[in-house]
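Encoded as structure tokens, the structure appears first; notes follow it.
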Amino acid sequence: MDQCVTVERELEKVLHKFSGYGQLCERGLEELIDYTGGLKHEILQSHGQDAELSGTLSLVLTQCCKRIKDTVQKLASDHKDIHSSVSRVGKAIDKNFDSDISSVGIDGCWQADSQRLLNEVMVEHFFRQGMLDVAEELCQESGLSVDPSQKEPFVELNRILEALKVRVLRPALEWAVSNREMLIAQNSSLEFKLHRLYFISLLMGGTTNQREALQYAKNFQPFALNHQKDIQVLMGSLVYLRQGIENSPYVHLLDSNQWADICDIFTRDACALLGLSVESPLSVSFSAGCVALPALINIKAVIEQRQCTGVWNQKDELPIEVDLGKKCWYHSIFACPILRQQTTDNNPPMKLVCGHIISRDALNKMFNGSKLKCPYCPMEQSPGDAKQIFF
């Protein structure tokens, strides 16, 4: 992160100079245009087009030319200074980021099966982003066959999301109504919030939409039990239609952030119905790699410097723990307090009779004969009584 901050700081300097340079250019050129235009007008009025210029006017024109030349030189000099600042950004990138990351790669990682899985993940990512033509081209070039039924849900979801971004609710409402039972089963409030937004859009029309708003309020009936207070607020806002909702105590109903929220809610609930994660697995993996890569490059350099080549030789295990942040916490993990290692499928966590938990490898190393003494309490027990637990 420190490297990113350093580069970002240099980039901000360049952007600030660009902004100042643009304002300086605009102001300087406007002054020159006004000055030369005024001078031209003055010459035409006093001497006409064919008259010979006096010595005074010749001197004024000479000064005007010098002023133009000085301004151009000043702008060129400032532009050259900006160019050097841009060069410093490139140097900061080269200095703070290692362009060669092959040292932390694993030879033979992308075999036939792994390559196919990567292509499938990329195709799904393009489907999620609505880039259907790119996904189809990738399928053709990689020889990957994708069932058309796999593409259809993404086409519909992207169509609805594009409509929501321009504040068109009808496609999303039709989708929510057709999937009402499944949305209710997962305790989703998507349909109610869509109806709420449509009702608010009617309120913004003032008294001309009053009758239509009252008629549309019938759509809130199925949600009265779980959203009674919200419905009361919406109905109370009708009193202020004449003076305008924006001038009433209900002005919070017009908050524009709720349109971004409804897009997030729709994406989350639609992905849940399709059995998909909200975020693309490719984007999550890429973000995690960006966070982990600097630490892995550093530890690899330390391993090579100290000639500890045997420390990192397993494909499914890292030599250090890399904190990816809470955004990447998807399931619970357990690290054995005895061996200080994260448990795996081959070394699962085991619950002792006393309630304490250790890994299976620690359990096998600690028991003596037919007895095992818990490392946290003096209780003795049989190793066979330990039970595997699942997080």
Side-chain angles (χ1 to χ4, degrees), residues 1-105 122 125-126 129-131 133-134 137-138 162 165-166 256-257 259-260 280 282-283 286-298 301 325:
M1 286 302 296
D2 293 338
Q3 293 89 341
C4 292
V5 171
T6 302
V7 174
E8 187 176 5
R9 191 182 301 117
E10 292 293 336
L11 188 58
E12 286 177 353
K13 291 179 181 178
V14 174
L15 294 175
H16 179 71
K17 285 187 176 181
F18 262 117
S19 177
Y21 179 73
Q23 295 174 4
L24 178 65
C25 282
E26 186 176 355
R27 186 170 59 252
L29 293 176
E30 284 180 354
E31 289 177 355
L32 278 179
I33 292 172
D34 293 341
Y35 177 69
T36 54
L39 186 58
K40 177 183 177 182
H41 182 70
E42 182 181 344
I43 293 173
L44 291 176
Q45 276 189 339
S46 59
H47 293 78
Q49 293 185 350
D50 300 327
E52 187 176 347
L53 296 178
S54 64
T56 304
L57 280 177
S58 298
L59 180 61
V60 171
L61 284 176
T62 303
Q63 292 176 346
C64 177
C65 292
K66 184 178 183 303
R67 181 174 176 180
I68 293 173
K69 184 178 179 180
D70 292 343
T71 302
V72 171
Q73 288 179 346
K74 177 69 167 58
L75 294 177
S77 175
D78 291 342
H79 186 272
K80 187 177 180 179
D81 183 54
I82 291 177
H83 180 73
S84 63
S85 298
V86 173
S87 300
R88 282 196 290 271
V89 173
K91 292 178 181 178
I93 293 174
D94 294 337
K95 181 180 179 181
N96 289 279
F97 295 100
D98 194 338
S99 58
D100 182 16
I101 60 173
S102 59
S103 61
V104 295
M122 292 172 64
H125 176 78
F126 290 133
Q129 301 299 316
M131 304 168 68
D133 53 343
V134 178
E137 185 68 25
L138 177 59
E162 290 300 320
K165 288 177 182 179
V166 294
S256 59
N257 291 330
W259 287 97
S280 164
L282 181 63
S283 62
F286 181 80
S287 300
C290 291
V291 174
L293 192 58
L296 296 180
I297 291 176
N298 290 337

Pairing residues for H79 by the ring-ring contact (aromatic ring centres under 6.0 Å, His included) criterion, not counting sequence neighbours: Y21
Pairing residues for E162 by the side-chain contact (heavy atoms from CB on, under 4.5 Å) criterion, not counting sequence neighbours: K165
Minimum side-chain heavy-atom gap V86-F18 below 4.5 Å: yes
Non-neighbouring partners of Q129 that pass side-chain contact (heavy atoms from CB on, under 4.5 Å), sequence neighbours left out: H125, M131
From OG (S287) to CG (L282), nearest 0.5 Å: 9.0 Å
Within residues 19-32 or reaching into it, pairs that qualify as salt bridge (Lys or Arg N to Asp or Glu O under 4.0 Å) - sequence neighbours excluded: none
Rounded distance (nearest 0.5 Å) linking atom CD of Q63 with atom OH of Y35: 6.0 Å
Nearest-0.5 Å distance that lies between atom NZ in K17 and atom CG in L24: 13.5 Å
What pairs of donor and acceptor atoms, side-chain ones from residues 65-76 against any protein atom, are under 3.5 angstrom apart with sequence neighbours left out?
unit_1, atom_1, unit_2, atom_2, d
K66, NZ, D70, OD2, 3.1
T71, OG1, R67, O, 2.8
K74, NZ, D78, OD1, 3.4
K74, NZ, D78, OD2, 2.8

Listed partners of K40 passing salt bridge (charged side-chain N to carboxylate O under 4.0 Å, His left out), at least two apart: none
Straight-line distance of S280 OG to M122 CE, nearest 0.5 Å: 10.5 Å
